[in-house]
Amino acid sequence: MNVQFLGGAGEVGRSAVFVNDALLLDFGIKTDSPPQYPIGDIDPEAVVVSHGHLDHAGAVPSLLSGDARPPIHWTPPTYELALTLARDTLKLHGGTPQCPFTEEDVRRVTEVSEPHGYREAFEAAGHRVEFFNAGHIPGSAHVLVDDGETRLLYTGDFHTGTQRLVSPTTERPDADVVITESTYADVEHEPREAVESRFVDSVRTTLWEGGTVVVPAFAIGRTQELMLVCDAHDIDCYVDGMGKEVTRLLRQNPEFLRDGEAMRKANSNARFVTGRDGQRKRIADQSTVIITTAGMLSGGPAMTYIPEIHANPVNKLCFSGYQVEGTPGREILETGSAELGGRHLQVSAQVESYDFSAHADRDGLRSFLEAYRGTPLLVNHGDSCAWFAGQLESEGHDAQAPELGETVEV
């Protein structure tokens with residue numbers, strides 16, 4: 001089996017792995033400025049997508065811009081989420097280098113889509129493929145690829161820890177080689193229960209003092225996780241941005257959620273913002289919680305809320321995920337100020353950060369990979385892939401970190 005790394009090697013973003021010059025695993029975007037896409041000029045016979053985040057699925061419609069119409073295989077939630085992201089990318093960046101596809105390409109995705117559930121084997125480009133729950137976001141999958149001689153496990157993004165939205169991965173399918181993510185290979189997450197407890201205590205304190213809490217959150221996964229947290233602790237909240245549409249889509253696939261009834265209750269607890277008639281500014285004056293995109297303050301309704309609440313030290317800005325270097329969110333965390341919507345804001349509101357990560361950390365990665373001791377490991381999807389491969393080798397694993405563009409024979 002030949003495996004070529006077209007993206008995601010030594011980096012987080014634009015994940016793309018080409019198997020036997022026929023089967024493409026993921027085709028994502030790296031959201032730099034300008035954005036980066038997988039390298040190479042390929043013509044896959046079929047495409048398999050592990051989950052519906054931009055860095056894994058964001059460039060998929062561009063594969064349909066020519067004459068080829070490869071079938072695209074994914075779980076039902078991944079299909080819905082990838083379409084939502086594609087339409088949002090068109091809306092925001094259509095006709096620019098930040099959008100590598102057209103509206104017609106997106107329409108074609110619906111024609112070639114082939115959804116599958118977990119543990120439902122299917123054929124793709126002459127390979128037997130099977131999905132297993134990866135515990136990352138709803139519909140996320142480990143992908144097992146069998147060409148008749150070699151079984152390749154592509155982990156995708158995964159989580160071995162507890163979340164309210166999805167159950168952690170417990171799957172360890174037999175494989176001859178494993179391509180593993182390594183996003184947080186050098187990080188130890190604080191226990192989720194402790195993170196949630198600190199977040200809830202902080203929010204309640206601010207509400208008791210009469211302040212407003214703005215929680216920037218990624219639309220896919222993080223918004224719904226925070227909705228569940230608020231409902232579990234009897235905290236009212238507003239939800240704004242693309243997370244509203246994502247929540248609706250995920251509720252249509254309750255079998256991919258940890259607890260569909262809990263998500264229904266959380267949906268009832270939340271108030272969804274329309275944004276009409278100055279609604280956002282009125283909400284920002286209330287003593288309430290606002291969960292809104294964008295998670296790194298790079299756009300979305302957050303651009304309205306932050307200027308409204310930034311000057312009052314009773315208010316609070318609670319980041320719920322990692323802030324990439326160069327984003328307004330990162331600047332506020334490090335300096336207390338940032339350019340937002342053409343204005344330079346010096347933030348007097350309290351600023352806090354909480355690690356609600358949906359990725360396995362150092363210990364989670366090692367516990368997962370322990371099941372594959374003696375199995376060759378290919379480390380990708382991380383900023384320290386070579387370092388982590390070296391760490392694994394020092395612990396007795398057979399590990400390497402392929403470089404961008406490299407083809408590995410396994």
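Along the sequence shown, residues are numbered consecutively beginning with 1. None of the values given here were measured: they were computed from a predicted structure.
- For the atom pair CG (Leu365) and CZ (Phe388), the distance works out to 4.5 Å, reported to the nearest 0.5 Å.
- Phe27 contributes atom CZ, which lies 11.5 Å from atom OG of Ser15 (distance to the nearest 0.5 angstrom).
- Side-chain N or O atoms of Thr102 include none that pairs as donor or acceptor with a backbone N or O of Ser65 at under 3.5 Å.
- For the 3.5 Å distance criterion, the side chains of Asn2 and Asp21 fail to qualify, holding no donor opposite an acceptor.
- In summary, the side chains of Glu181 and Thr155 do not present any donor paired with an acceptor at a separation below 3.5 Å, with no hydrogens or angles considered.
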Item to check | Derivation and outcome, salt bridge (Lys or Arg N to Asp or Glu O under 4.0 Å), residues Glu352 and Arg198 | outcome: CA-CA 10 Å; Glu352 298 176 348; Arg198 286 195 303 108; over 6 Å; no
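- Remark: aromatic rings of His359 and His159 are distant, center separation not under 6.0 Å.
- Residue pairs meeting the salt bridge (charged side-chain N to carboxylate O under 4.0 Å, His left out) criterion with at least one partner in residues 3-13, sequence neighbours excluded, are Glu11-Arg14, Glu11-Lys30.
- Side-chain contact annotation: Thr183 with His381, donor-acceptor N/O pair under 3.5 Å present.
- Under the 6.0 Å cut-off for aromatic ring centres, His136 and Phe158 do not qualify, their centroids lying 6.0 Å or more apart.
- Here the two rings, on Phe131 and Phe122, have centers that are under 6.0 Å apart.
- Listed by chain and residue number, Phe199 satisfy the ring-ring contact (aromatic ring centres under 6.0 Å, His included) test with Tyr354 (two or more places apart in sequence, or in another chain).
- Checking Thr169 against His142 by side-chain atom types alone, a donor-acceptor pair falls below 3.5 Å.
- We find the SG-NE2 distance between Cys99 and His93 to be 8.0 Å, quoted to the nearest 0.5 Å.
- Side-chain atoms of Asp157 and His53 form no donor-acceptor pair, as typed in the model, at a separation below 3.5 Å.
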Next on the checklist: Test ring pair (Phe, Tyr, Trp, His ring centres under 6.0 Å) on Phe272 and Tyr238; report intermediate values, then the result.
Outcome noted: CA-CA 6 Å; Phe272 293 90; Tyr238 286 93; 9.9 Å; no
